[in-house]
Amino acid sequence: DTGSAAATPIDPRFDIAYVTPVTIGTPPQTLQLDLDTGSSDLWVFSSHTPASQVRGQRIYAPDKSTTSKLLNGHTWSITYGDGSGSRGNVYTDKFTIGGVTVKSQAIETAQQVSSSFTTEDAIDGLVGLGFSTLNTVSPNGQLTFFDNAKPNLDSPVFTADLKYMKPGTYDFGFIDKTKYTGEITYVPVETDPGYWTFTSSGYGVGSGTFSSSPITGIADTGTSLVYLPTAIVTAYYRQVQGATNSRSYGGYVFPCNSTLPAFVFGVGEAKFTIPPSYMSYAAVTDGSPTCFGGLQSSSGIGVNIWGDVALKAAFVVFNGEEPPTIGWANK
Ligand SMILES: N[C@H]1[C@H](O)[C@@H](Sc2ccccc2)[C@@H]2OC[C@H]1O2
């Protein structure tokens, strides 16, 4: 098998998240899900989600699918890094992304979602693409779509080609040579506790010198920004006129008309440049002259996160061979 599906920004103003069309059940029910390498539960808004918590999202109704089966006595409950969360029960059903089908995928139906999911009407749920060890279903943990699909994929990989303020693609089972330039640099992945954890070889601010220093972090398609150690973040914003670390806005902000340097990060011998446009993430509120930075400190999180602001500057291969590796290429 091989397949491709679009990754479309959910907001035309800034890349807060990307959604991908999927079909569930028989006849197929189409939902727009957020493919998330930073978690490992596949959960959806459903006919079990209280109406008060549903605001425009599409839902999966297992009772309308002839191939759905309740996974008796199984429940799930997840809390994300940003404090959002959801919980519910579990079915299995036919699940397809971009033409790649898993006949019996664990579909976690939400019986409760937190407010940030209710208010995000463009996201109908998540597809966890982290390692299955992170799956929260109890008493028996379930496999991710990628782990279920892997044996039937031409190659045990998926790739992310996310783009700045326009649709990109997720490919499954193959590496599309037309999507990148030069060579793909592969580095080892630490699979404990279950994220795509890798070590970057260093960073540089604008045209400044490159600092070769290991930066271990996770590649997370479900996180909008890049979160790195404070020393790196302060070195970056020192080069931005009027930048301050705002307690009220919860991070580094600066005048939207400030000149921003690019941010360079290394993977092995390769270098990736996040252009200034990606580093100015969004106005703090619509029309404000104050902008929020695409690079923020990881000091409050406990892990460094290479989120969409970094991922969209590259073509990224999530290689599920044993042992797993992650590949980065320019594009
Ligand atoms: N891996 C990420 C995950 O996909 C999102 S869940 C999410 C929450 C609200 C809106 C959209 C998505 C959350 O932020 C960072 C980390 O947890």
Side-chain angles (χ1 to χ4, degrees), residues 5 7-22 31-46 49 53-59 76-88 97 108-110 112-136 144-146 158 160 162 168 170 189-191 193-198 217-228 250-251 281-282 292-312 316 318 326:
T8 303
I10 62 170
D11 190 310
R13 299 165 299 172
F14 41 83
D15 299 332
I16 185 167
Y18 298 84
V19 287
T20 296
V22 310
L31 274 68
Q32 300 285 341
L33 303 185
D34 179 357
L35 271 54
D36 176 24
T37 57
S39 67
S40 303
D41 281 51
L42 194 174
W43 72 264
V44 291
F45 276 77
S46 73
T49 314
Q53 297 177 16
V54 184
R55 204 152 307 150
Q57 290 83 3
R58 283 144 299 237
I59 63 164
W76 60 282
S77 175
I78 193 163
T79 303
Y80 294 99
D82 66 352
S84 60
S86 47
R87 62 178 168 76
I97 304 182
E108 302 170 32
T109 47
Q112 194 275 329
V113 301
S114 65
S115 57
S116 58
F117 285 115
T118 296
T119 52
E120 196 56 83
D121 64 355
I123 294 177
D124 305 331
L126 267 65
V127 180
L129 294 174
F131 293 89
S132 294
T133 44
L134 285 179
N135 181 263
T136 73
T144 66
F145 165 76
F146 180 52
F158 66 92
L162 299 180
Y170 287 105
V189 162
E190 170 53 61
T191 58
Y195 302 106
W196 289 87
T197 304
F198 73 99
I218 70 171
D220 185 358
T221 56
T223 288
S224 315
L225 309 183
V226 175
Y227 296 88
L228 295 178
Y281 176 62
F292 198 76
L295 172 62
Q296 297 295 339
S297 172
S298 62
S299 59
I301 303 175
V303 66
N304 297 313
I305 304 178
W306 301 93
D308 300 331
V309 161
L311 296 168
K312 61 188 149 178
V316 186
F318 294 84
I326 187 167

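Both counts, for ligands and for their atoms, begin at 1 and track the order of listing. Throughout, residue positions are numbered sequentially from 1 according to the sequence presented.
In terms of protein heavy-atom proximity, atom 15 (C) of ligand 1 is closest to T223 OG1, 3.2 Å. Scanning the protein for heavy atoms near atom 5 (C) of ligand 1, the closest one is G222 O, 3.7 Å. Protein heavy atom closest to atom 10 (C) of ligand 1, with residue, atom name and distance, is F117 CE2, 4.0 Å.
With hydrogens and angles ignored, the 3.5 Å screen pairs a side-chain donor or acceptor of S114 with a backbone N or O of G85. With T221 contributing its side chain and T37 its backbone, the two residues share a donor-acceptor pair below 3.5 Å. A distance-only check finds a donor-acceptor pair linking the side chain of D124 to the backbone of Q32 [under 3.5 Å]. Side chain of S297 to backbone of S299: a donor-acceptor contact under 3.5 angstrom is found.
The distance between the ring centers of F117 and W43 falls below 6.0 angstrom. Residues Y281 and F292 keep their aromatic ring centres 6.0 Å or farther apart.
For ligand 1 and G81, the ligand atoms under 4.0 Å from any heavy atom of the residue are 17 (O). Numbered from 1 in the order shown, with element, the atoms of ligand 1 that lie under 4.0 Å from a heavy atom of D34 read 12 (C). Those atoms of ligand 1 that come under 4.0 Å of a heavy atom in L126, given as number and element, are 4 (O), 6 (S). The I123 neighbourhood of ligand 1 comprises atoms 11 (C), with distances under 4.0 Å to a heavy atom of that residue. Contact atoms of ligand 1 toward D82: 8 (C), 9 (C), 13 (C), 14 (O) (distance under 4.0 Å to a heavy atom of the residue). Near Y80, meaning under 4.0 Å from any of its heavy atoms, are these atoms of ligand 1: 3 (C), 6 (S), 13 (C), 17 (O).
For a threshold of 3.5 Å applied to N or O pairs, the pair formed by D220 and ligand 1 contains at least one separation below that value. Between S116 and ligand 1, a contact under 3.5 Å exists for no N or O pair.
Ring geometry, W196 versus F158: the interplanar angle exceeds 60°, so the pair is classed perpendicular (tilted spans 30 to 60°).
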From CA spacing to verdict: side chain to side chain donor-acceptor pair (under 3.5 Å), S84, D82: CA-CA 6 Å; S84 60; D82 66 352; 2.5 Å; yes

